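What you see is a predicted model; the values in this text were computed from it and never measured.
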Amino acid sequence: MKKSVFLGALTVAGLTAGAAAAATLDDVKARGKLNCGVTTGLVGFAAPDANGNWEGFDVGVCRAVAAAVLGDPMAVEFVPTTGKTRFTALASGEIDMLARNTTWTFSRDVDLKFEFVGINYYDGQGFMVPKALGVSSAKELDGATVCIQTGTTTELNLADFFRTNNISYEPVPIETNAEAQPLYLEGACDVYTTDASGLAATRAAFENPGDHIILPEIISKEPLGPLVRHGDNEWGDVVRWSLNALIAAEELGVTSANVDELAQGTNNPEINRLLGTEGTLGEMLGLDADWAARAIKAVGNYGEVFEKNIGENTPIGLARGLNAQWTDGGLLYSPPFR
């Protein structure tokens, strides 16, 4: 008797979870717009241009999902969030997904009840100082004042690093990157610390970027990626495989320029499955056959998104490094499309 009651409860729980999982995909389709949480403004990753159009590396993920689901990469409402507000915005349903240089950690995944659907940037925390400070290592920062965004893994890593090295610091709490820039430039803090990619983006926006150096120490692992709510399995699959489509496309040589031609059919079965000319992968996601082709055409493959927004030929100037494809010695890798 107990067993049947238990199984009945599981069935009800499963049905409830299933209903919740389907909700976000259905909501986005019905709304005709994706609500995507981004940073309040970090050039190269997510920031509005002079006309108010959002651009950047993380913005590309949002637009790829919108293209896959709605057929329109511009059908996105960008919701700026801070380190403190981002998780509330996602948990409350204000946004459908968060694509905001957010680190995948145990507690965020498990305790906060979110699901990270992949990693779109392998990063690590660093330190930026004025050249005039005459410092060449983070271990020389004893007694420094440090601008630090509250509610972030950066804040926790900073405390760990100084404690481990038996040195002290004075935190200068900030809410956003935009708030940090003038404080740092005015000398209200000796040091600015955040993910190394964020430091590069911040420095690129300075009037005299050459007056500032990023110290050699990388003190943490910061796997950054998009996330959704727990229990949102169907929606999580859509966001996960939209990101994977961009990663796989680069490895397979599919670009925004040749995707239409390749979508006519090729001799490579995985390209055909990715672009919907073979198999039923789109149907499995609750989308049509061309979902991935639309995402790739809209924003380009992963390499195109990287090079356009944060690559070595941009003011941000980031090398691929760990974010190179696995075939080029990096960590970037999509599970198979089969």
Side-chain angles (χ1 to χ4, degrees), residues 10 13-14 16-25 27-28 34-39 42 45-46 57-62 64-65 79-125 148-161 193-198 218-247 285 302 322-323 326 330-335:
L10 275 183
T16 305
T24 305
L25 179 57
D27 286 350
V28 172
L34 171 71
N35 294 330
C36 198
V38 290
T39 182
L42 184 62
F45 283 84
F57 183 73
D58 286 331
V59 166
V61 177
C62 303
V65 173
V79 180
T81 62
T82 68
K84 279 187 171 178
T85 64
R86 56 186 162 173
F87 299 129
T88 307
L90 182 58
S92 68
E94 180 187 352
I95 56 177
D96 305 310
M97 59 178 284
L98 182 65
R100 182 206 177 281
N101 52 316
T102 296
T103 304
W104 186 347
T105 70
F106 182 103
S107 57
R108 289 172 177 178
D109 195 320
V110 178
D111 192 42
L112 294 186
K113 301 288 186 278
F114 295 128
E115 182 176 1
F116 285 79
V117 299
I119 297 167
N120 72 329
Y121 194 92
Y122 290 91
D123 210 345
Q125 183 174 336
I148 179 80
Q149 289 186 52
T150 54
T152 62
T153 55
T154 316
E155 189 176 22
L156 306 175
N157 296 335
L158 180 68
D160 287 351
F161 176 79
T193 183
T194 189
D195 298 337
S197 62
I218 297 294
I219 67 167
S220 67
K221 297 196 299 279
E222 305 292 332
L224 311 179
L227 55 155
V228 298
R229 290 175 289 278
H230 261 196
D232 238 347
N233 304 67
E234 185 176 1
W235 176 243
D237 286 343
V238 169
V239 180
R240 173 182 299 108
W241 287 97
S242 295
L243 172 59
N244 284 337
L246 305 186
I247 295 170
L285 278 178
Y302 179 92
L322 295 178
N323 297 291
W326 67 285
L331 297 178
L332 208 66
Y333 188 116
S334 167

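When all heavy atoms are compared, the tightest approach of A99 to D58 is O-CB, 3.3 Å. Minimum interatomic distance between L243 and N120 (heavy atoms only, all atoms of both residues): CD1-CB, 3.8 Å. Of all heavy-atom pairs between I119 and P223, the closest is CD1-CB, 3.6 Å. The two residues L322 and Y122 come nearest to each other via the heavy atoms CB-CB, 4.0 Å. Closest heavy-atom contact between P226 and G118: CD-O, 3.9 Å. Of all the heavy atoms in G124 and I218, the pair that sits closest is CA-CG2, 3.6 Å.
Annotation: side chain of T103 is in contact with side chain of R108 (closest heavy-atom distance under 4.5 Å). At least one side-chain heavy atom of M97 sits less than 4.5 Å from a side-chain heavy atom of V61. At least one side-chain heavy atom of L158 sits less than 4.5 Å from a side-chain heavy atom of Q125.
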Query - Test log, rule side-chain contact (heavy atoms from CB on, under 4.5 Å), inputs L224 and D195 - result: CA-CA 10 Å; L224 311 179; D195 298 337; 3.6 Å; yes
Query - side-chain contact (heavy atoms from CB on, under 4.5 Å) evaluation trace for F161 with T193 - result: CA-CA 12 Å; F161 176 79; T193 183; over 6 Å; no
**Report entry** V38 and C62: CA distance, side-chain angles, deciding distance, side-chain contact (heavy atoms from CB on, under 4.5 Å) verdict
**Finding:** CA-CA 9 Å; V38 290; C62 303; 4.1 Å; yes
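For T85 (side chain) and T81 (main-chain N/O), no donor-acceptor pair under 3.5 Å exists by modelled atom type. Judged purely by atom type and a 3.5 angstrom limit, T102 uses its side chain to pair as donor or acceptor with the backbone of R100. Side chain of R229 to backbone of L90: a donor-acceptor contact under 3.5 angstrom is found. Side-chain atoms of N101 never come within 3.5 Å of backbone atoms of T39 as a donor-acceptor pair (strictly under, hydrogens ignored). The backbone N or O of A64 sits nowhere less than 3.5 Å from a side-chain atom of S242 that would complete a donor-acceptor pair. Although no hydrogens or angles enter the test, the distance criterion places no donor-acceptor pair under 3.5 Å between the side chain of H230 and the main chain of L112.
Between the CG atom of L227 and the CG atom of L98 there is a distance of 4.5 Å, given to the nearest 0.5 Å. Of the inter-residue distances, the one linking L331 atom CG with Y121 atom OH reads 11.5 Å to the nearest 0.5 angstrom. Put simply, CG on D232 and NZ on K113 are 15.0 Å apart, with the number rounded to the nearest 0.5 Å. Expressed to the nearest 0.5 Å, how far CG of N323 lies from CG of L332 amounts to 6.5 Å. Atom NZ of residue K221 and atom CG of residue N157 lie 10.5 Å apart, to the nearest 0.5 angstrom. The distance from atom CG of L34 to atom CG of D27, rounded to the nearest 0.5 Å, is 11.5 Å.
Under the salt bridge (charged side-chain N to carboxylate O under 4.0 Å, His left out) criterion, the residue pairs touching residues 81-95 are K84-E175, with sequence neighbours excluded.
Relative orientation of the Y302 and F57 rings is perpendicular, given thresholds of 30° and 60° on the angle between their planes.
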